[in-house]
Amino acid sequence: WNNDWFPNGLYLALEYFYNGAAGLPPATDRLQSRSPQLLGAMAGYDLTPLWRLDLLLIADLRRSSRFVSPTLTWSPVEDVELKLFAQWPDGVSAGEFAALAPLYALRADWYF
């Protein structure tokens with residue numbers, strides 16, 4: 001999506017996830033989650049050809065917990081990416097994300 005405010009293009013995604021097996025005993029063929037309903041949203045913007053900003057939000061619709069993850073990516077050369085990111089979970093103790101601890105990290109990817 002290009003306009004005067006976002007000349008490099010704004011990338012948006014929205015996803016609803018329903019897991020009817022949430023809370024059931026573990027099975028090898030089932031995706032494990034506490035909540036049967038999750039809503040995810042993602043936005044990304046290329047600040048320059050070398051810098052990109054992304055934001056991921058996931059909400060547990062049943063148990064009032066959230067997960068937020070901003071990421072800043074820098075590509076100093078064609079086959080290297082450095083990502084500075086955080087992961088911030090929040091919400092009530094029974095929620096999908098509340099038991100997780102906040103995380104701050106720097107990640108380096110080299111493609112060959």
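Sequence positions, counted from 1, serve as the residue numbers for this chain. Quick caveat, the model's predicted, so the values are computed rather than measured.
- Counting only residues at least two apart or on different chains, the side chain to side chain donor-acceptor pair (under 3.5 Å) pairs with a member in residues 65-78 are Arg66-Asp90.
- Side-chain contact between Leu103 and Phe85 is present, with heavy atoms from C-beta onward closer than 4.5 Å.
- Contact annotation: the side chain of Phe67 approaches that of Leu56 to within less than 4.5 Å [non-hydrogen atoms, C-beta and beyond].
- One hydrophobic cluster, built from ILVMFWY side chains closer than 4.5 Å, cannot hold both Leu100 and Tyr104; they sit in different ones.
- In the hydrophobic clustering of this structure, Phe17 groups with Phe97; members are Ile, Leu, Val, Met, Phe, Trp, Tyr whose side-chain heavy atoms approach within less than 4.5 Å, directly or through other members.
- Applying the side chain to side chain donor-acceptor pair (under 3.5 Å) criterion to Glu81, with sequence neighbours excluded, gives Tyr111.
- Under the side chain to side chain contact (heavy atoms under 4.5 Å, CB included) rule, Arg52 has a single partner from Leu47, Asp46, Leu72, which is Asp46.
- For the pair Leu39/Leu57, no side-chain contact is recorded, criterion being any heavy-atom separation below 4.5 Å from C-beta on.
- Rounding to the nearest 0.5 Å gives a distance of 11.5 Å between CG of Leu106 and NZ of Lys83.
- Looking only at side-chain heavy atoms (C-beta outward), Asp54 and Tyr11 stay at 4.5 Å or farther from each other.
- Follow the hydrophobic side-chain contacts under 4.5 Å out from Trp110 and you never reach Leu82; the two are in separate clusters.
- By the rule that hydrophobic residues join a cluster once side-chain heavy atoms approach within less than 4.5 Å of another member, Trp51 and Val77 end up as members of separate clusters.
- Contact detail for Glu96 and Asp60: the closest heavy-atom pair is N-OD2, 3.0 Å.
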